[in-house]
Amino acid sequence: MLAWNAGGGMIKSVTLIDVYHEISTNRRSRCYRFHYQSFNKVLTEENVSKTHSYLRHLIETKLKVKLR
């Protein structure tokens, strides 16, 4: 929900594509794929990058996770 709320209507879908569990440290790593689409404006690399950076910042601060 965080992605759709922060994406400004540009995020079409969010899909979990991989999960890795490191047994020795008991840490989990997840990989998500974001699909961007807009019917209102042309998506340029610049505006998608800005939205994605903002989304990364929100995920780190709101969910208290480390992104790589």
Side-chain angles (χ1 to χ4, degrees):
M1 292 308 298
L2 182 65
W4 282 290
N5 291 336
M10 292 193 322
I11 297 180
K12 179 181 177 184
S13 67
V14 178
T15 308
L16 176 64
I17 59 173
D18 190 25
V19 177
Y20 175 73
H21 182 217
E22 176 62 47
I23 296 172
S24 64
T25 60
N26 199 29
R27 294 175 68 183
R28 292 190 193 318
S29 180
R30 295 174 182 91
C31 180
Y32 291 91
R33 177 175 290 138
F34 293 84
H35 287 243
Y36 292 88
Q37 181 178 7
S38 177
F39 296 108
N40 302 329
K41 61 183 175 180
V42 175
L43 294 181
T44 63
E45 186 175 335
E46 181 182 348
N47 62 12
V48 170
S49 292
K50 285 180 183 179
T51 301
H52 199 73
S53 294
Y54 175 65
L55 182 58
R56 287 179 59 89
H57 170 73
L58 283 179
I59 290 170
E60 284 182 321
T61 56
K62 299 275 185 186
L63 301 179
K64 309 258 189 286
V65 297
K66 181 181 176 185
L67 299 178
R68 297 185 284 143

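No more than 12 heavy atoms of other residues, nucleotides or ligands sit less than 6.0 Å from atom CD of Glu45. Surrounding OH of Tyr36 are more than 12 heavy atoms belonging to other residues, nucleotides or ligands, all under 6.0 Å away. Remark: Gln37 CD is packed, more than 12 non-hydrogen atoms of other residues, nucleotides or ligands lying under 6.0 Å away.
The side chain to side chain contact (heavy atoms under 4.5 Å, CB included) test with Phe34 singles out one residue from Met10, His52, Lys12, and that residue is His52.
Taken from CZ in Arg28 to OG1 in Thr25, the straight-line distance is 10.5 Å, to the nearest 0.5 Å. In this structure, CZ in Arg56 is found 11.5 Å from OG in Ser49, a value given to the nearest 0.5 Å.
Under the 4.5 Å side-chain criterion, counting only non-hydrogen atoms from C-beta, Leu58 is not in contact with Asn5. The shortest side-chain heavy-atom distance between Ile17 and Arg30 does not fall under the 4.5 Å cut-off.
Considering every non-hydrogen atom in both Ala3 and Val14, the closest pair reads CB-CG2, 3.9 Å. In this structure, Leu55 and Leu2 approach most closely via the heavy-atom pair CD1-O, 4.2 Å.
With hydrophobic clusters built from ILVMFWY side chains whose heavy atoms lie under 4.5 angstrom apart, Val65 does not share a cluster with Tyr20.
Listed for the Ser38 side chain is a donor-acceptor partner under 3.5 Å among the backbone atoms of Asn40.
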